[in-house]
Every structure is written in structure tokens, then in C-alpha cells.
Number of protein chains: 2
Amino acid sequence: MASAKTKSTIQDVAQLAGVSKMTVSRVLNNDAKVSDKTREKVQKAAASLNYLPNISARRLASSKSYFIGLLYENPSEGYVSQFLLSALKSCRQRGYHLVVDECQGSEQEKLQITRDLVEQTRVDGVILLPPFCNNLQVLALLDELKVPYVRVSPDANLEVSPFVCMDDYQAAFDMTNHLIDQGHQQIGFIVGHQNLGASRLRYQGFLDAMRSAQLAVPPSFIEQGQFSFKSGLQAAENMLKQDLRPTAIFASNDDMAAAVVSVANSLSLPVPEKLSVVGFDDTPLATTIWPHLTTIRQPITEMAEQAIDLLTSGQLTLPPSQRLSDLRHVIEFQLMQRDSVKHL
Amino acid sequence: MASAKTKSTIQDVAQLAGVSKMTVSRVLNNDAKVSDKTREKVQKAAASLNYLPNISARRLASSKSYFIGLLYENPSEGYVSQFLLSALKSCRQRGYHLVVDECQGSEQEKLQITRDLVEQTRVDGVILLPPFCNNLQVLALLDELKVPYVRVSPDANLEVSPFVCMDDYQAAFDMTNHLIDQGHQQIGFIVGHQNLGASRLRYQGFLDAMRSAQLAVPPSFIEQGQFSFKSGLQAAENMLKQDLRPTAIFASNDDMAAAVVSVANSLSLPVPEKLSVVGFDDTPLATTIWPHLTTIRQPITEMAEQAIDLLTSGQLTLPPSQRLSDLRHVIEFQLMQRDSVKHL
DNA sequence: CTGAAAGCGCTTACAG
DNA sequence: CTGAAAGCGCTTACAG
């Protein structure tokens, strides 16, 4: 163990590798042309010293701030905290720090908070969480300020910026097929809030899967919800108090699915024995209630990583024509099979 | 508006105030003796220039790191994210950054993560969230490393370090009295997980309030739970399937309270009409389900602020004899009245 | 492809 | 009570 009692510096690495600090710096930032031989020497030296660059020194000396901003609108959204935790971790691994701001209030205030984040903290890039990422004025401001940004699961205007998301349509399609595979043919669906693009996609995925399987969907098996537990309660009652009941209900999110379970219980329709229920999102609620919900896990950690990656790899600062990839970064979801579905 | 296009530095302030950088630095850190007159001059200059010290420069030059560590064990605990968000904000206001680490795994690994946080990131202080804050080996390590730390809601060993908490006993006492005020006399109680100090305190608060009101608590009105939804389900069934039923149930946390609501529904005992239910913690679940739960709000934001304050104000680095205050910092809770209690 | 010099914005010792 | 000097660990020009 070459244990260094005190943290090693770029100078130590330079000495050990027999080069100048400058060369070490170049290798570390792998931006300049360094001969493969010296590059290797430096890397070996850095590794053996367990060298980690001092972020503060870097920040002070360079034009980059090594800060990434994260803007969200509503902290109570389930994914905010999970996203935050993952983003924090990714940033740290890359020698960046995350600066987090809540963006609430009037349109004016939102713009001001965004502007402050850029001008005062001088962030190198910004991540915008939904629904904030759909605010076009904010996007325009960021463009004007020339700061790269990545949106997470935007609803529309997909052509204006890079974004990360999951395939809501495919997930709903797969989930529906899962129910069909388990022998269900009468499947009810509770639609999400009408203003959100994700609602439409999930609904469409459900419909297409049913059609592919040649299964009919009577109008009474579709209810409009708002994503809230309460709206799920209402929708479930409407659907379950009729004579012809579905054997399974697919709710567009977990809160509504939990409401379905609750209504089913009060109607003496135990889940999953008498009624199968599935949700979407895999919020903590899905594994709080009993039975645990079969649902779709949003790949939030991976989305956070990807977003940080895009912002720290520097590819977004290139002129659009030179960028590697297209704007859309779709991350794989996961179907979480748990205890709320019965095999018929 | 003395709008400075470019950020002002300590040098600018010094110039404007007609003193040296050194003097400005002293005023900013208010540690040395500076004459009131020059202090004022400097402060005025700094204010008019809208001066904010550059953290990175500070960090690089000084022995302090301006980092605070936050260690937690289980990210899914409801309060972790809320605490995190609040701590992030407080740190930023004070020119600090928060470094967050999950501390899971074997005892060995936990110790290693803690050690790395201190030795590599060189944090100026550490915040320990429950239940991690009850790990005595970690506390010993921190002592050995001579890093100040603050524990949040520790269960025991209250004499070894400063900590922030709320008064669980009083909160349970108040909540019970609230039910009594609403005319309830048959009140059931679901105890929390037996290993946690908070469970005992809440239970005791309930018992004492009942006794003060001269109200009897039949053994069948007390059920042991584990804080999980599932354990609440079981407890509620036991309590509600008897002939003699309580008119209100006080569950030691929101998850179990939600379970009570669920069981009540399935037994055709609508909440609050036929049964009142109250919880504890005010997790998101409390306002997800219907009816929204009357519960106790933990003052998480204030706890985070207080913890950061203790760590950044420097009072913890003084020898124990010179410290201002005692170890215990109790923050006020709030009784959130919502829709799950009926006035009899 | 590589290096010597200067400087980022602060603070730490050392003087006075 | 106040200041001139040196230095924290990097990167940005500028040379070669």
C-alpha cells in the first residue's frame, strides 16, 4: 500500500512521472495532444499516488465552474428526491457539485431564479425536471444565456433541446401484455391527467396492446383520472360498481392504483384474488401498501446519470452540427412484478 | 443600481473601503479585532458591490473545507429527501456545500465510508440521520477523527453529542388530547417498532394523556405494530373485529394509520364518520390517501437548519467547557388537523 | 508534443 | 488594530 498520509497534488504526480505539472494537467483533462507514452506514465503515477484533483483549485483557475444546476418546481413529486440523490452521486464522481433550486412562484420569479443560478453560481449546465422543463420562457432564457441544459421527461417541444426520458407508450403496452399473458381479457384502464403527454402515451400503449390481442375495450372500462388518489377512488367506484366488472385494472399511476385497491377492499373484492391491479411509476407507495403493486419502474437513477453525463462530457457545448447524438435519450424501464396480479 | 457586470472580489471591496484585503478578510470572517469604524466601512463597501466571497478560493487557501457531510442509511425513509433539500438550502446560504453519502452494508463498510468522507472530502462537520445516528462505532470513529457532528433524532446515548430532535412524547400527548377534545373516549393505539426509542415515547405520551383525562385503556385497545403498512393492517383487524370497538385509533406513524383506514373501509366503517384515525410524521402518504390524515408534522426543515447552523457556526469546535448551549436542541412539532377525525 | 511563468481569490503566518 | 508577502493547487496563455 503506497498510502499517502497527506493528499497528493498535481506536483507530486508530475515529479513521480518526471514531467511538468502542465503535462499532468493535460492528461487529466485529456484535451491536448500528449504522446501516448507520457500519457501512460502520468496515468500510472496518478493511480499509484491515488491522486484526485482538487476541485476548488480547478474551479479557481479555470473558466469552468464545475457546478451543475438542478431546477424543479414541486419537491413533493416522488421522483424529485430520488433524482436528486442520484444526481448528487453522479456529480461527485465527476468532480462536479450540484446546486439545487426550487423554482416556484410567478413566471417572473421563476425566470429570476433561473437567471440567478446561471449568473451568480455560473453553472456549467442545467437540468430541468418535469413539469418545470415544459416552461418555454425558461428554455428561451437559458438559450439566451448560452448555458447548455437537459430536460427530463418533457411533454412537448422535443426538438428544442436534448432530453432524457423513458418510453411511456412501450411500458404501458408491455404492462397490458403482461396482464393478457396472465389470462386477463376484461381489463379496465384509468387514464392520467389530461394535460400531461405521458397520460396520452400510456393510454395509447394500453389501447394498442388490447387491439393487437383482439381484445375489446367497452367504454365502461375506461375512466378518466387526474393522477390523484382521490380521482382514483372515484374512477374505481365507477368501474367496479357496475354489473360487468373487469378482472384487472391498469391505473396510469401508483396513487390511483392504490385507490383502486382501497375501493376493491371495501367492496369485498380482495386484490389480487378477485381483482388484479397494476400501477405505473414505482413510487414508494407501491411497496408501502398491501399487496405490493405490480408496476412500471421509471429508471430515475439512470436518467439522472445520463443527464449529468451529457452536461459534463462537454458535448453539449459544441455547435449543434458537431454533436454526436440526437436529442432524445431514452432509458429502459422495468416491469416490476409483485403481488397485485393473479394468474387466471 | 451599482450593477457589477463581473463579479467583485475581495480586492474591489478593499479598494472601495480604502483598506487592505487582509482587513476585509477579517471583517468577513469576523474573527479578528477590527475597529468598529473600519468594520463598518468594509461592510458598506461589500454591500454596495454586492460582494460574495468565492468559496473555492476560500477553500483553497484555508484549513477549512467548507464542506458538511450528510450520512444516512436508508434513502427510502420519507424524511431523508426532505431533510436533504432543506440542508442543501441552508448550506448554500452559508457558503458551504453538502456532501451526501449513503452508509449501507456491513459494519466495516459503514466505518470505511465514514472515514473516507472525513479524510478525503475533509468535511468540517457531519450530520447523522436516524437510524444511522445510533451507531456507536461510527460515533467513536468520528470522535477519534476529531470531526464535530450532530445527530438527528437519536434514540439513546443522548449525552455523547449535540443533537436535534422533536418531542415525541409531547406530540403524542397533544394528539391524544386532541382526540379527547373532539369527544373521543374509546381510543385505540398502535405501538411502533419496539427497537425505536420514539415508539416508547409516543406510547407513553398516549398513555399519560389518557390517564390525565381519567380515561380507561382496555388491553384490547393496544396493538403492537412495526411501523409498516402491513403490520398496521394486522393491528387494525385485531382491534376492529372485536365487539367493543374504539371510536378513534391513534397509529404511531402514517403508514400504519393508512392501513387502519384501509381496513376500516373494507369493514364498512367509513373514516371519519364511523371511525376516526390519526397518524404521526406527516409523510406524503398522509395527504395522498383519502381522507387526508390528521397527523403530527415533524419539523424536518427546521431540524436541518439547526443542524447546519450548529456545524457552521463554529461553536462545536470549541472545547466542551466553552460551548454555549447544552447538547439537546428540541424543535417544535405541529399538529396537522385534516379530515380523518370526527367531532363526536 | 512539452514546459516556465503568471494568476485565479482568498487565508495563513509574520510584522509592526 | 492593520498590512505586505507568500502560497493554497490548479489552468490559461505564451513559448518553443
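Reminder, nothing fancy here: chain letters follow the sequence lines and each chain counts from 1.
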Anything under 3.5 Å between a donor and an acceptor, one on a side chain of residues 83-91 of chain A, the other on a protein residue two or more places apart or in another chain? List them.
{"from": "S86(A)", "atom 1": "OG", "to": "Q82(A)", "atom 2": "O", "distance (Å)": "3.0"}
{"from": "S86(A)", "atom 1": "OG", "to": "T301(A)", "atom 2": "OG1", "distance (Å)": "3.1"}
{"from": "S90(A)", "atom 1": "OG", "to": "S86(A)", "atom 2": "O", "distance (Å)": "3.3"}

Practice item. Taking side-chain contact (heavy atoms from CB on, under 4.5 Å) as the test, write out the residues that go with L60(A), two or more places apart. Key: N54(B), A57(B), L60(B)

Check your understanding: Got a sec, which residues hit side-chain contact (heavy atoms from CB on, under 4.5 Å) with E107(B), two or more places apart in sequence or on another chain?
Key -> K110(B), N135(B), Q137(B)

Review point. Do Y72(A) and F132(A) make the cut of ring centroids closer than 6.0 angstrom?
Key: no

Review point. Do the side-chain N or O atoms of S20(A) get closer than 4.0 angstrom to the phosphate oxygens (OP1, OP2) of dT2(C)?
Key: no

Practice item. Report yes if a side-chain nitrogen or oxygen of T38(B) is closer than 4.0 Å to either non-bridging phosphate oxygen (OP1 or OP2) of dT2(D); otherwise report no. Key: yes

Review point. Heavy-atom distance under 4.5 Å between the side chains of V123(B) and I68(B), does that happen here?
Key: no

Revision key, fill the gap. Of all heavy-atom pairs linking L16(B) and S48(B), the shortest is CD2-OG, 3.4 Å

Exercise for review: For nucleotides 8-16 of chain D, just jot down a letter per nucleotide in 5' to 3' order: B, S or -, based on protein non-hydrogen atoms under 4.0 Å.
Suggested key: BBBSBB---

Review point. DNA chain D in dot-bracket, Watson-Crick or G-U pairs under 3.5 Å, [ ] crossing, | other strand?
Key: |||.||||||||.|||

Review point. With D101(A), which residues qualify under side chain to side chain donor-acceptor pair (under 3.5 Å), at least two apart?
Key: R92(B)

Review point. Is the number of heavy atoms from other residues, nucleotides or ligands within 6.0 Å of CD (E332(B)) greater than 12?
Key: no

